[in-house]
Amino acid sequence: MPIDTQGAGETAQEALSAVEVFFDDLSLWGVVRILALIVGCVLVSRLLMAALDRFLKRSHLERSLHTVIKSLAHIALIFVSILIVADAIGIPVTSLLAVLSIAGLALSLAVQGVLSNLAGGMMLLWARPFQVGDTIETDGTVGKVEDITLVYTKLLTPDNRVVYLTNKAVSEAKLVNITGEETRRVELTVSASYDSPVEKVKSTILDVIGQHPKTLPTPAPLARVSNFGASAIEYHVRAWCAAGDYWDVFYDLNEGIKAAFDQAGIEMTYDHLNVHMVEEKKD
């Protein structure tokens, strides 16, 4: 997009001319009036910022978003104060706005990537698809959210690596909040021999789930036949637990079911091939 530098130069010249006229006609009363106007703008800005701070503390917005809102409000108040003082000096406000808009356009074109990340950060903080402390999966990375800023999101992976993802990447990628709910469902696939009675296998699995201290009775656990394989029957197993207990329950059930099968005489078969030798009879 072309920028009208000639127009910007003309408006800047108008502003400089107005400043020169102001200082040429400067008097003690004029100085006092401008100083009083500046002090008034500062006091009003502080009152408005204090009111905004009280409002944000009562709101349910993410803490990280408080800083953003207050920063934007502070910039807006400074901008309005500059316009008020400029108008009192005699600088045409329309000319000043034109200069500032052109400068803002040039700056935005220079920092498009940063602005995209800022927009992504604002969206994440406002929509709140996850919070600090949640475990998420996004952009091919799984980790616990350590910090959410306007530019990046900081994750701590299970193997203790720190990963920084740009908010633009997070907001555009598929996002899974793993710990967004209080409970999770553990799913396993267990195989048992065709020689083992189905009901015995199912009851043994359900006993293991019921005896685990971290599994939940509701929703009810499940153990059903899911597939007839070449060498074994497969059982689909489901159990519910608190989100924070997922991996403990996952590993404990795997180990517990194997021990219970051994005790009950249930064989957990593996892929194998039976070869039957037939002796050829001679005439």
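These figures come from a predicted structure and were not determined experimentally. In this chain, residues are counted from 1 in sequence order.
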Checklist entry - Any donor and acceptor pair, going by atom type alone, linking the side chain of Ser196 with main-chain N or O of Ala192 inside 3.5 Å? => result no
Checklist outcome for this item: Heavy-atom nearest pair, Val190 first then Met268, reads CG1-CE, 4.0 Å
Checklist entry - How about His236: does its NE2 atom have over 12 heavy atoms from other parts shown lying under 6.0 Å from it? => result yes
Checklist entry - So, the side chain of Tyr246 versus the backbone of Ile178: is there a donor-acceptor pair under 3.5 Å, distance only? => result no
Checklist entry - Which heavy atom in Asn177 sits nearest to a heavy atom in Gly180, and how many Å separate them? => result OD1-N, 2.9 Å
Checklist entry - At what distance, to the nearest 0.5 angstrom, does OG of Ser193 lie from CD1 of Ile233? => result 7.5 Å
Checklist entry - Are any side-chain N or O atoms of Thr135 and backbone N or O atoms of Lys144, one a donor and one an acceptor, separated by less than 3.5 Å? => result no
Next on the checklist: Which heavy atom of Val132 sits nearest to which heavy atom of Glu146, and what is that distance?
Outcome noted: CG1-O, 3.6 Å
Checklist entry - How are the rings of Tyr164 and Tyr152 set to each other: parallel, tilted or perpendicular (split at 30° and 60°)? => result perpendicular
Checklist entry - Do Ile136 and Val176 come close enough that some side-chain heavy atom pair is under 4.5 Å? => result no
Item to check | No-hydrogen, no-angle side-chain donor-acceptor test under 3.5 Å, Asn167 and Thr153 | outcome: yes
Checklist entry - Would Val186 and Cys241 count as a side-chain contact (heavy atoms from CB on, under 4.5 Å) if you check the C-alpha gap in whole Å, the side-chain angles of each, and the deciding distance to 0.1 Å? => result CA-CA 7 Å; Val186 179; Cys241 64; 3.9 Å; yes
Item to check | salt_bridge(Glu255, Lys258) N-O dist < 4.0 Å | outcome: no
Next on the checklist: Whether the side chain of Asp134 engages the backbone of Gln131 through a donor-acceptor N/O pair (distance < 3.5 Å, no angle test) should be reported.
Outcome noted: yes
Item to check | Ring geometry between Phe250 and Trp247 (parallel below 30°, tilted from 30 to 60°, perpendicular above 60°) | outcome: perpendicular
Next on the checklist: Tell me whether the count of non-hydrogen atoms from other residues, nucleotides or ligands lying under 6.0 Å of NZ in Lys202 goes above 12.
Outcome noted: yes
Checklist entry - Any chance the side chains of Thr157 and Asp159 put a donor and an acceptor closer than 3.5 Å? => result yes
